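When a ligand or atom number is given, it counts from 1 through the structure's own listing order. It should be emphasised that the depicted structure is a prediction, and the values quoted were computed from it without experimental measurement. FYI, side chains are in, hydrogens and waters are out, and symmetry mates aren't considered; it's all heavy atoms of this structure.
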Amino acid sequence: MKIFNKRQKTITGKIDDDAASTQWKNWKWQLKHSVKDIKTFEKLLDVALPEKEEKKLKDTITKFPMSVTPYYLSLIDRENYKEDPVYLQAVPSPSELVIGKYDMADPLAEDKDSPVPHLTHRYPDRVLFNISNTCSMYCRHCTRKRKVGDVESIPNKKEILKGVKYIKKHPEIRDVLLSGGDPLMLSNNYLDWVLSEVSAIPHVEMIRIGSRMPVVLPYRITEDLIELLKKYQPLYLNTHFNHPREITASSKKALKMLADAGIILGNQSVLLAGVNDCPRIIKSLSHKLLQNRVRPYYLYQCDLTEGLAHFRTPVSKGIEIIESMIGHTSGLAVPTYVIDAPGGGGKIPIMPNYIISWSTNKVILRNYEGIITSYKEPDSYEGFFCDRDCENCHLQLKLEGKEELSSVGIVKILESQDEGISLVPEDTERMTKRD
Ligand SMILES: *Cc1c(COP(=O)(O)O)cnc(C)c1O
C-alpha cells in the first residue's frame, strides 16, 4: 500500500517545496511543521473559512492552543471538513469557550491525588506517571485541557527521579503507567533512561505507555524506538483511536512494528458527539483494531472538563453502543465502557443490565437476543468465610508476604464478619449526631 499519497504530497509542497516526498515520514520534520494557527491550516488544506468564523477560532486558540501534525491534517476530507471526525478532534471550535455549570478544570482531581509532581497515586497498586508535558497533536477533547500548551516541556531528570523515588518507597506499586502529554515525545535516549530507572525497581512488575503517536504521528514508531522498547518486557502500550478513518496504511505499519516486537497493544477511545457516537462506528473501529492486533480496552464517557460540553453525549448512548456489541460480535471487540468519576473516584464500569431477577439459588437473566433464561445456583455450595489467612486455607494460594494486602471498599464488607457491616460517609448528619 502506498504511504505517500497525493494529498500528502500537496501538503508537503506547500510547507516546503524542497522537502517534497523525502521528509514526510520523518517524525521530527512532522513535529517541526505542526500546524498551530488557522491561516496555515486554511492554506495547507486549501479551504477558506468565513472571516467571522476565522476570528472566533483565533480567539479559541488564545485560550486553548492548537497543534496538528501535517500527517493527521492530511486525513481530513476537505470536501466535507466540518463534519470530518479528524477535523473535529484537531481543529478548535468556538464551543470550547462555553463553560457549563458542572464543568471543572481538573474533574478527576489528578492534581489533588498527586503526592509528588507529575505522579498520581489513586489506586492501591498502580500509579500514573506523567513524564511529558507535551503532545504532537492537541486533541480538542483532551481531559487535561487545563495543561495543554501550558509548559511545552519534559520534566527534567531531577523531577523524574522524585517520582522514581516515590515508587521505590511504595512496594505495593506493581504497575507503572507512563503518560503525559505523550511519553513518545521524549527523545529515545531520555525515554530509555526513564524506562531503565522504572524497570529497575524490583517490585515494578510491568510498565504501560499511553501514547497517541500511532494515530497522530505514526512515523514516530521507528526501528530505533522498537529496539529500545523491546528491552522492557512486559511492556503494554495503549493508544487512542476514536474513528475507523484514523486507521491508515501508516498507522497499520506502526502497529505492526509494535506488535511484532511483542509489545501488547490496547486502545482507549473517548465517546464524542459528532465523531463516534454511533454503535456501527465503534463496532467497525473495534474490528479494524483487532485486525491490527490491538485489543479495545476502554471506551470513556467524555469527562466534565471545561470546554468539552459540545463533545458530551448522554450515558445512554454509551450503554446503547455496548448493548449493540455484547453477544453480537467477538467478546474481544467489546471495550469496557467507563465513567472516570468526577472528584477522583477512578474509573467506574457501566454495562447494560443482564440480571432480571433473583430468588434463593436461582438467577433470571436475559441474553443479547432478548431471550429470558434462568440459571440454577448450587444447593450444596459450602460457603466459607475468608479471614485472609491464606496459610491455613484449603485453596492453595501460596502468597509471598508482601502480596498480602488488606481489603478495601466493598470487598472489605463482603469479606469481614466481625468488623464493618457497612460503608458510611463520615460526615452524614446521622453520624455527626451520634458523637
Ligand atoms: C486510568 C488510571 C490508571 C489505570 O487504570 P486501569 O483501570 O488499571 O487501566 C491508574 N491511575 C490513574 C490515576 C488513572 O486515571
Answer yes or no: is there a donor N or O on one side and an acceptor on the other, between the side chain of Q30 and the main chain of Y71, under 3.5 Å?
yes
Can you pull the side chain to side chain donor-acceptor pair (under 3.5 Å) pairs that have at least one residue in residues 353-363, sequence neighbours excluded?
N361-D379
Every pair of nitrogen or oxygen atoms between ligand 1 and the protein that is under 3.5 angstrom apart - can you list them with their distances to 0.1 Å?
unit_1, atom_1, unit_2, atom_2, d
ligand 1, 5 (O), K347, NZ, 3.4
ligand 1, 7 (O), Y298, OH, 2.5
ligand 1, 8 (O), R126, NE, 2.7
ligand 1, 8 (O), R208, NH2, 2.8
ligand 1, 9 (O), R208, NH1, 2.9
ligand 1, 9 (O), Y297, OH, 2.6
ligand 1, 15 (O), K347, NZ, 3.2

Taken in chain and number order and not counting sequence neighbours, the residues that satisfy ring-ring contact (aromatic ring centres under 6.0 Å, His included) with Y236 are none
Just by distance, no angles: are the side chains of Y232 and D192 close enough, under 3.5 Å, to form a donor-acceptor pair?
yes
Any donor-acceptor pair under 3.5 Å from Y190 side chain to K157 backbone:
yes
Can you name the residues that form a salt bridge (Lys or Arg N to Asp or Glu O under 4.0 Å) with E110, not counting sequence neighbours?
R144, R146
